[in-house]
Amino acid sequence: QVQLVESGGGLVQAGHSLRLSCTASGRAFSNYAMGWFRQAPGKEREFVSAISAGGSNTDYADSVKGRFTISRDNAKNTVYLQMNSLKFEDTAVYYCAGGPYYGYRHDERKYERWGQGTQVTVSS
């Protein structure tokens, strides 16, 4: 059974960068499409980015396209989210999630495993 643990969140000034990591336990990681979602206070959780199991396909929400980059290292059972040019509106709890279907990457109901979340706070 895959368990996911996020790290790398914190407080950062607008315009700066952070890199989130999500490390999985278990051997099934390389079979999973991985996604990043976020939830800001008072808002619903929203899709941020996703990467296919092999890493050849990626997708981004319009709000982060050109600023965020998702990648994965299956040898390390880890997926990353490099966040550049951070904005105040990027402030949220960020969750990584794993699921079998990259085709359903925007649908959080299709993800089987979730991390506990990591807080990202961007000061303006």
Side-chain angles (χ1 to χ4, degrees):
Q1 190 170 2
V2 175
Q3 293 185 321
L4 305 176
V5 178
E6 302 100 335
S7 60
L11 173 63
V12 65
Q13 288 185 325
H16 289 211
S17 299
L18 278 177
R19 188 176 78 158
L20 305 183
S21 299
C22 173
T23 300
S25 63
R27 293 179 292 176
F29 175 79
S30 61
N31 296 329
Y32 272 43
M34 297 298 296
W36 286 96
F37 290 76
R38 68 185 181 186
Q39 187 168 22
K43 295 186 177 181
E44 294 187 352
R45 190 157 56 186
E46 64 175 1
F47 171 80
V48 176
S49 183
I51 188 167
S52 58
S56 58
N57 296 295
T58 59
D59 191 21
Y60 299 91
D62 288 343
S63 59
V64 307
K65 202 169 292 183
R67 300 188 297 121
F68 290 12
T69 302
I70 191 170
S71 62
R72 67 189 296 161
D73 185 339
N74 285 346
K76 295 182 178 179
N77 277 11
T78 301
V79 62
Y80 305 96
L81 186 67
Q82 177 67 43
M83 306 186 295
N84 298 331
S85 302
L86 282 161
K87 303 177 180 180
F88 175 76
E89 50 265 39
D90 295 318
T91 296
V93 178
Y94 283 71
Y95 299 89
C96 70
Y101 308 117
Y102 179 73
Y104 293 108
R105 58 195 175 275
H106 293 172
D107 187 348
E108 63 178 75
R109 298 169 299 177
K110 300 297 186 183
Y111 288 85
E112 297 178 346
R113 298 287 180 262
W114 289 83
Q116 81 288 353
T118 186
Q119 176 70 47
V120 172
T121 303
V122 184
S123 62
S124 58

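Not measured: the values here are computed from a predicted model. We're numbering straight along the sequence, starting at 1.
Grouped by direct or indirect side-chain proximity (heavy atoms under 4.5 Å, Ile/Leu/Val/Met/Phe/Trp/Tyr only), Tyr104 sits with Tyr101. Leu11 forms part of no hydrophobic cluster, judged by ILVMFWY side-chain heavy-atom separations under 4.5 Å.
Panel note: side chain Arg113, backbone Gly98; no donor-acceptor pair is recorded below 3.5 Å. Using a distance-only test at 3.5 Å, with no hydrogens or angles considered, no donor-acceptor pair links the side chain of Gln116 to the main chain of Val5. The main-chain N or O of Ala50 is never found under 3.5 Å from a side-chain atom of Arg105 such that the two would form a donor-acceptor pair. Distance alone, capped at 3.5 Å, is enough to place a donor-acceptor pair between the Ser49 side chain and the Asp59 backbone. In this structure, the side chain of Glu6 engages the main chain of Gly117 through a donor-acceptor pair within 3.5 Å. Although no hydrogens or angles enter the test, the distance criterion places a donor-acceptor pair under 3.5 Å between the side chain of Asn74 and the main chain of Ala53.
Listed by first and then second residue, the ring-ring contact (aromatic ring centres under 6.0 Å, His included) pairs involving residues 5-40 are Phe37-Phe47, Phe37-Tyr111, Phe37-Trp114 (not counting sequence neighbours).
The two residues Ala14 and Ser124 have their closest heavy-atom pair at CB-CA, 4.3 Å. When every heavy atom of Val79 is checked against every heavy atom of Ser71, the shortest pair comes out as CG2-O, 3.1 Å. Gln119 approaches Thr121 most closely through the heavy-atom pair NE2-OG1, 3.3 Å. Between Ser17 and Asn84, the shortest heavy-atom contact is OG-OD1, 2.9 Å. Closest of all the heavy-atom pairs between Met34 and Cys22 is CE-SG, 4.2 Å. Residue Ala24 comes nearest to Leu4 through the heavy atom pair CB-CD2, 3.5 Å, listed as atom of the first residue, atom of the second, then distance.
Separating the OG1 atom in Thr58 from the NZ atom in Lys65 is a distance of 9.5 Å, to the nearest 0.5 Å.
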message: With side-chain contact (heavy atoms from CB on, under 4.5 Å) as the criterion, how do Tyr95 and Leu20 come out once you've worked through the C-alpha distance, each side chain's angles and the decisive distance to 0.1 Å?
response: CA-CA 10 Å; Tyr95 299 89; Leu20 305 183; over 6 Å; no
- request: Evaluate side-chain contact (heavy atoms from CB on, under 4.5 Å) for Leu81 paired with Arg38, printing each intermediate quantity in order.
  value: CA-CA 12 Å; Leu81 186 67; Arg38 68 185 181 186; over 6 Å; no
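Comment: Asp90 does not engage Lys87 in a salt bridge, judged by the lack of any side-chain N to carboxylate O separation of less than 4.0 angstrom.
Under the 4.5 Å side-chain contact rule for hydrophobic residues, Tyr60 and Tyr80 do not share a cluster. Residues Val12 and Val48 fall within the same hydrophobic cluster, defined by Ile, Leu, Val, Met, Phe, Trp and Tyr side chains chained together at heavy-atom separations under 4.5 Å. Under the 4.5 Å side-chain contact rule for hydrophobic residues, Val122 and Met83 share a cluster.
For the pair Tyr102/Ile51, no side-chain contact is recorded, criterion being any heavy-atom separation below 4.5 Å from C-beta on.
Applying the 6.0 Å contact sphere to CD of Glu89 captures more than 12 heavy atoms from other residues, nucleotides or ligands.
In this structure, a donor-acceptor pair under 3.5 Å is absent between the side chains of Asn77 and Thr23.
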